[in-house]
Amino acid sequence: MKIVHVASELFPYMKTGGLADAVGALASALADKGHEVAVFLPGYRAAVDHRDAAGAQRKLRFKVELGNDFLAGDVRVFSPKKNLSIYLICREEFFDRRAPYGNGERDYEDNADRFIFFCKAVVEMLRIGDLGADVVHCHDWQAALVPVLLRDAERRHGVTLALKTVFTIHNIAYQGVFPAQAFARTNLPEELNQMDGLEYYSQINLMKGGILFADRVTTVSPRYTKEIQTAEFGCGLDGVVQTRADDLVGLLNGVDNEIWNPAVDALLPARYSAADLAGKRVCRAELLKRGGFAPEFKGPIFGMVTRLTEQKGVDFVLANREFFLGQDCRLVVLGSGDKRMEEELRELAAAAPQKVFLSTKLDEAMSHLIEAGSDFFVMPSVFEPCGLNQMYSQVYGTIPVVSRVGGLVDTVIDADENPSAGTGLICEPNATSLRDALQRALILFTDAPRHAAVQQRAMAKDYSWKVAAGGYERLYQDSL
Ligand code: ADP
């Protein structure tokens, strides 16, 4: 099949979270299976400067209509591996920036223009580049306008640009909602600016367009698929999602086992496997060193790698500061985002630097070291579409402590509730229940045989993308 992905993040060219890992690994796995895969990505500064892009072969110029303006851009194409081409949609004014969505304090004011432009450019490239796509697979709100624009362009030009479109909701909490005036920038017919189109409480909602207009809609876990059809998790789009229930499926993300695999992980000081955990002890020693902790410490290390947002349950961790200060354990947090959370974590680390370490950097190597060197990985999310770190943790023999939501439920089994199959510990998404789970972690840690059994079961799980990509393959074939 000829499969085109459209996304605003793609590992290793631009990443703020799991979206990048998921799209990168899925595209790569589909290419390995012999499909012809193209990925469209905004030409962010980091992507254009990436060494893979240095040899970009072609530079196509294009122009798209954005309201009353005609804006030009160019496309750089490169191929990092067989069957895989990356198309960077470049326009310096929009994408030659350090961060993809905002300046850290708030979102960029021209995000509507930036991503409407991106989607229009993709559709224009499908037209003039004659890609002959079987499936165009769009990810999250930044790419959500593509299914809408594509069908409109096909109608206007009397051509077929893609046989089928798929839209994946990686996180329904981010929808691309903009003031009503932004609709004019799409140049779509006014009838699409209504309740059964992009209109959303007198604004426009790009994700709504993707959900309504794609041939198939997917989310990243079975449980999240159900959750987003409820008012509690649907973030206002639950009714819209319900209208697509027949075309909706939840496919779990996988783990890229060339990148997240302790047996080959080049970012670690030592490698290891379930059969020989000596390397994990080396990673632990290195993590203690990086945290500035006493090297002889023998108790449990709790790790966290996360965007600092309400979603990730950071406040439940902060509410348990007495636990981390009072118990004989260590806490290592790698995370950035919300300034208030950063500040409170910094205060916690300053209160007990011998026990709590915080880094607010984006640090790929440190994220691997935390996964490898910790004993428990703390991820008490309020909601979690799929979540990757709880899967990485299991693969790295680090027991995840997660909340009972979304993909976390689909990938972790509680070791107390199910002693013969457990791979982690599950709490409810609140501070009290997290405290209980942290206590249970301490008990588990002191019971060496049981701890080892949970760890071995976790490490035996197969989360590889070969399995996950198979689900998408079947979905594409079925839709075609
Ligand atoms: P989300 O996409 O909601 O942020 P996921 O668990 O799906 O959550 O994916 C998060 C990804 O981002 C993981 O690969 C994680 O290691 C990474 N990550 C988060 N924060 C950082 C950070 N400060 N430095 C490096 N990697 C990070």
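One-based numbering, in listed order, for ligands and for the atoms of each.
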query: For the residue pair Tyr476 and His137, is the inter-centroid distance of their aromatic rings smaller than 6.0 Å?
result: yes
message: According to salt bridge (Lys or Arg N to Asp or Glu O under 4.0 Å), who are the partners of Arg321, at least two apart in sequence or on a separate chain?
response: none
- request: Compile the protein residues with any heavy atom at a distance under 4.0 Å from an atom of ligand 1; present them by chain, then by number.
  value: Lys15, Gly17, Gly18, Asp21, Val305, Thr306, Arg307, Gln311, Lys312, Leu334, Lys361, Leu362, Asp363, Ser367, Met379, Gly387, Leu388, Asn389, Tyr392
message: In this structure, is the centre-to-centre distance between the rings of Trp260 and Tyr392 below 6.0 Å?
response: yes
message: For a side-chain contact (heavy atoms from CB on, under 4.5 Å) check, start with the C-alpha distance between Leu369 and Arg290, then their side-chain angles and the critical distance, and finish with the verdict.
response: CA-CA 10 Å; Leu369 184 65; Arg290 287 287 302 273; 3.8 Å; yes
- request: Give a yes or no on whether a salt bridge exists between Asp32 and Lys82, defined as a side-chain N under 4.0 angstrom from a carboxylate O.
  value: no
- request: Verify whether the ring centers belonging to Phe383 and Phe233 lie closer than 6.0 Å.
  value: no
